[in-house]
Amino acid sequence: MNGVTISFDKSRTYINLQLNPSDFTSEVDSREIRKQLESGETKRLYVSEKALKSACDTANHYFKTGDSTVVQERIGERKNAEIEFRIPEDGMQANLVLTTPYGGKLPSLSTVKSLAVKNRIIRGLSTKTIESMLTQARQSPPGTVLEQIVAKGLPARNGKNSKFIPLVPNALERVLKPQTGDGERVDMRNLGEVICVKVNTPVLRRTEPTQGRSGFDIKGNKIPAVAGEWVNFKMGSGTVVSDSDANLLMSAISGMPKYRDQIMNIDDTFICSGVNVGSGHVNYEGAVLVNGDVTEKMQIKAAGDVTINGFVESAYIESGGDIIITEGAMGKVNDTQGEFQCQLVAAGSIHVQHGQGIDIQCSGNITVGRQLAYSRLRCGGAVIVGQIDKPMGNLFACDIISQDRVEAGTLGAVSGSTLKVDFSPGFNLLLERKDSLDELLKQIRENNLKHKEKINLIQGKKVPKELQGKVAEALELFNNESALLEWLENKANDVKAAKENYQSDIKLIANKRLYPGVSAKLNNRNWRSEREYDRAQIRYDSHQWHYDPLI
């Protein structure tokens, strides 16, 4: 281009542009000069677009006005790479920000490490990460900004509080984990010996709290760990701390152990060989162990667990803990009145090996060893038919209300008998709690905001000495209200999360086959199988039921 001269200074660091308007044949275009700069030695150097445009605009003005003044401008330069370390306040990590050079030099690994030390980065520096960044910088265009974490501190690991380890299993745990013989086959009938402990039997051990592990930040400062704390025994009934070991809980009476919510109870146990007309009904303030059958129209009521090593026929069993029936349970059903002659009611969970014509109500899970049919189930947990790790049992012709998954080998039957599963009651209970909390939260938020404005107004004024006590009292009340508000907000978040988890947890799982006549319900959202499916899962997501084949 006539009148345009691009040159370097003596050190070949800066790019100089000279424009002579008297040699122009037309106005000079900065874009054409930019294209020329993108070739040759100036290709990878930094060019100031602002300086280039300013020089061109000035020269073009001189050209139009007939002024022959020569315009000289420094428009670019050779730049070395730029390095910056960014360290947050906690000093637990450091980011390296590397701007690639414009025709200049890239620092060596040793230079970067030296700069890190100058920035007081003493520990946790990753040489491998820095080398990777330098390699990436060599392959990147000039002016590229790369940023990575190159140093990490080690957070302190706080100690753990003392833990409790049960030394004897709960009866339900023992039943759900069948014993194995010499071979690999699992014997579902061999459920091990019934656990009844004698006096002075160790039942619960408390472990020592751990000290934790100290950490460090990238500047080399030590971060001390918080040691765990001793957790006191929550003394249950029938237990006592050992005289020789303060970390050991012993049974004070003979009975059946029950560990729940970190509390070990030894229930005074009533043991009999069967419940029938000869023995009479059983009503006991403890656990009940029946080594035999429970016959028709008999009743068992217990404050603790009820374990029956036999068969139950058309009986009423009520437990303040779990109900465990190692054989089957069966009852007659009055079709006209819908009454079940065999009823099982438990505050905990219920296990039965197989059943038909049973009314089951419990707060926990319902587990069935092999098969359950023509029954009514109400539970606060899951319904699992088959081995607990891989349920392959049969479930059909039942009316179920559940708050967790329903899983079996086969759901429904070839005959198309109806299997109804309703997940609505538990969900509606959560919705009621959520609505109540949200309404209360809204009211307290509004009140807290008003009170905050008043407190700020008072604090902004000079308060007479005789009223300072009243102000301090008002401030304390406001702080208490704010703490309550924070607590309620956490509870509201917990309920919201519980609602979301509920919808993801409820499902039907058929590990072998799902037959027609099986239905799932959540309020007004229904799903019903109209044909036979292989292994399948019916889940609830985005306000709809979805069918997924299991592979």
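Quick caveat: nothing in here was measured; it's all calculated off a predicted structure.
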Visitor: More than 12 foreign heavy atoms under 6.0 Å from CD of Glu489: is that the case here?
Guide: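 For Glu489, atom CD is crowded (more than 12 foreign heavy atoms under 6.0 Å).
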Visitor: Would you say that more than 12 heavy atoms from the other residues, nucleotides or ligands in this model lie under 6.0 Å from the OH of Tyr374, or not?
Guide: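 Check fails, neighbour count at 12 or below.
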Visitor: Does the Asp293 side chain pair with the main chain of Val312, one donor and one acceptor, at a distance under 3.5 Å?
Guide: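 It does not hold such a pair.
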Visitor: Any ion pair linking Lys507 and Asp404 (charged N to carboxylate O, less than 4.0 Å)?
Guide: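 Salt bridge: no.
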Visitor: Any side-chain to backbone donor/acceptor pair from Arg370 onto Gly386? Under 3.5 Å, distance only.
Guide: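 Checking the backbone N and O of Gly386 against the side chain of Arg370, no donor-acceptor pair under 3.5 Å is found.
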Visitor: Would you say that Leu167 contacts Val203 through its side chain, given a criterion of any heavy-atom pair below 4.5 Å between the two side chains?
Guide: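 The answer is no; the side chains never approach within 4.5 Å.
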Visitor: Taking the side chain from Asn276 and the backbone from Thr295, do they hold a donor-acceptor pair closer than 3.5 Å?
Guide: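 No, because the side chain of Asn276 does not come within donor-acceptor range (under 3.5 Å) of the backbone of Thr295.
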Visitor: Is it the case that over 12 heavy atoms from other parts of the model lie below 6.0 angstrom from the CD atom of Glu285?
Guide: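 No, the 6.0 Å shell around CD holds no more than 12 heavy atoms from other groups.
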Visitor: If the test is side-chain hydrogen bond (donor to acceptor under 3.5 Å, both in side chains), which one of Arg376, Gln341, Arg378 qualifies with Asp359?
Guide: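 Per the side-chain hydrogen bond (donor to acceptor under 3.5 Å, both in side chains) rule, the option paired with Asp359 is Arg376, out of Arg376, Gln341, Arg378.
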Visitor: Between Lys222 and Asp217, does any side-chain N to carboxylate O distance fall below 4.0 Å?
Guide: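 Between Asp217 and Lys222 there is no salt bridge, as every charged N stays at least 4.0 Å from the carboxylate O atoms.
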Visitor: For His351 and Ile366, indicate whether the former's side chain and the latter's backbone hold a donor-acceptor pair under 3.5 Å.
Guide: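 Answer holds: no.
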Visitor: Work out which heavy atom in Cys342 is nearest to a heavy atom in Gly331; give both atom names and the distance.
Guide: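 It is CB-CA, 3.7 Å.
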Visitor: Would you mind checking if Glu296 and Lys332 are paired as a salt bridge, meaning a charged N to carboxylate O distance below 4.0 Å?
Guide: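 Yes, Lys332 and Glu296 are salt-bridged.
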Visitor: Quick one, Gln93 with Asn95, criterion side-chain hydrogen bond (donor to acceptor under 3.5 Å, both in side chains). Give me CA distance, side-chain angles, the key distance, then yes/no.
Guide: CA-CA 7 Å; Gln93 69 177 48; Asn95 285 32; 3.2 Å; yes
Visitor: Without swapping roles, check the side chain of Ser242 against the backbone of Leu248 for a donor-acceptor pair under 3.5 Å.
Guide: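 Such a contact is absent between Ser242 side chain and Leu248 backbone.
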Visitor: Mind listing the closest non-hydrogen atom pair of Glu229 and Asn161 along with its distance?
Guide: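 For Glu229 versus Asn161, the nearest heavy atoms are N-OD1, 2.8 Å.
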Visitor: Do you know which two heavy atoms are closest between Ala302 and Val288, and how far apart they sit?
Guide: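 In terms of heavy atoms, the two residues are closest at CB-CG2, 3.6 Å.
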Visitor: Taking atom CZ of Arg535 as the centre, does the number of heavy atoms from other residues, nucleotides or ligands within less than 6.0 Å exceed 12?
Guide: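 Count over threshold, so yes.
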Visitor: Are the side chains of Asp548 and Leu550 in contact, using a 4.5 Å heavy-atom criterion?
Guide: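 Result no, sub-4.5 Å side-chain heavy-atom pair not found.
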Visitor: Do Ser349 side-chain atoms and Ile323 backbone N/O form a donor-acceptor pair below 3.5 Å?
Guide: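 No, the answer is negative, given that no donor and acceptor are paired below the 3.5 Å cut-off.
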Visitor: Would the number of heavy atoms belonging to other residues, nucleotides or ligands and lying under 6.0 Å from CD of Glu446 be above 12?
Guide: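 Yes - once you tally the heavy atoms of other residues, nucleotides and ligands closer than 6.0 Å, there are more than 12.
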Visitor: Side chain of Ser126, backbone of Thr129: donor and acceptor closer than 3.5 Å?
Guide: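 Yes, the answer is positive, given that a donor and an acceptor are paired below the 3.5 Å cut-off.
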Visitor: About how many Å separate OG of Ser482 and CG of Asn448, when rounded to the nearest 0.5 Å?
Guide: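 The CG atom of Asn448 sits 4.0 Å away from the OG atom of Ser482.
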Visitor: Is the shortest distance from a Lys or Arg side-chain nitrogen in Lys434 or Asp438 to a carboxylate oxygen in the other one below 4.0 Å?
Guide: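 Yes.
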Visitor: Using a 4.5 Å cut-off on heavy atoms from C-beta on, say whether the side chain of Thr367 contacts that of Ile388.
Guide: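 Touching, per the 4.5 Å side-chain cut-off.
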Visitor: Are Arg206 and Phe233 in a cation-pi contact, defined as NZ or CZ under 6.0 Å from the six-membered ring centre and within 45° of the axis?
Guide: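 The answer is yes; both the distance and angle limits are met.
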Visitor: Which of these, Val383, Ile384, Ile506, sits in a side chain to side chain contact (heavy atoms under 4.5 Å, CB included) with Arg405?
Guide: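 Result for side chain to side chain contact (heavy atoms under 4.5 Å, CB included) with Arg405: Ile384.
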Visitor: So with a 6.0 Å cut-off around NZ of Lys491, is the heavy-atom count from everything else above 12?
Guide: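 No - once you tally the heavy atoms of other residues, nucleotides and ligands closer than 6.0 Å, there are 12 at most.
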Visitor: Are there over 12 heavy-atom neighbours, none belonging to Glu532, within less than 6.0 Å of that residue's CD?
Guide: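 Yes, CD of Glu532 has more than 12 neighbouring heavy atoms, counting only those of other groups under 6.0 Å.
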Visitor: Side-chain contact, heavy-atom cut-off 4.5 Å: Phe164 with Lys234?
Guide: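 Heavy-atom side-chain distance check fails, nothing below 4.5 Å.
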Visitor: Counting heavy atoms not belonging to Asn456, are there more than 12 under 6.0 Å from its CG?
Guide: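 For Asn456, atom CG is crowded (more than 12 foreign heavy atoms under 6.0 Å).
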Visitor: With no hydrogens and no angle check, is any side-chain donor or acceptor of Ser529 less than 3.5 Å from a backbone partner on Tyr515?
Guide: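 A pair under 3.5 Å: yes.
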Visitor: How far apart are the closest heavy atoms of Leu204 and Met264, and which atoms are they?
Guide: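 Shortest heavy-atom separation between Leu204 and Met264 comes out as CD2-CB, 4.1 Å.
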Visitor: Is a salt bridge present between Arg513 and Asp534, judged by a nitrogen-to-oxygen distance below 4.0 Å?
Guide: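 Counted as a salt bridge, because a side-chain N and a carboxylate O are separated by less than 4.0 Å.
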Visitor: Taking the side chain as C-beta and beyond, is there a heavy-atom pair between Lys521 and Ser424 under 4.5 Å?
Guide: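 SC-SC contact between Lys521 and Ser424 confirmed.
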Visitor: Once you measure the plane-to-plane angle for Tyr547 and Tyr533, does it fall in the parallel (<30°), tilted (30-60°) or perpendicular (>60°) bin?
Guide: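 Plane angle between 30° and 60°, so tilted.
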Visitor: With salt bridge (charged side-chain N to carboxylate O under 4.0 Å, His left out) as the criterion, how do Arg528 and Glu530 come out once you've worked through the C-alpha distance, each side chain's angles and the decisive distance to 0.1 Å?
Guide: CA-CA 6 Å; Arg528 181 181 171 84; Glu530 300 296 342; 3.6 Å; yes
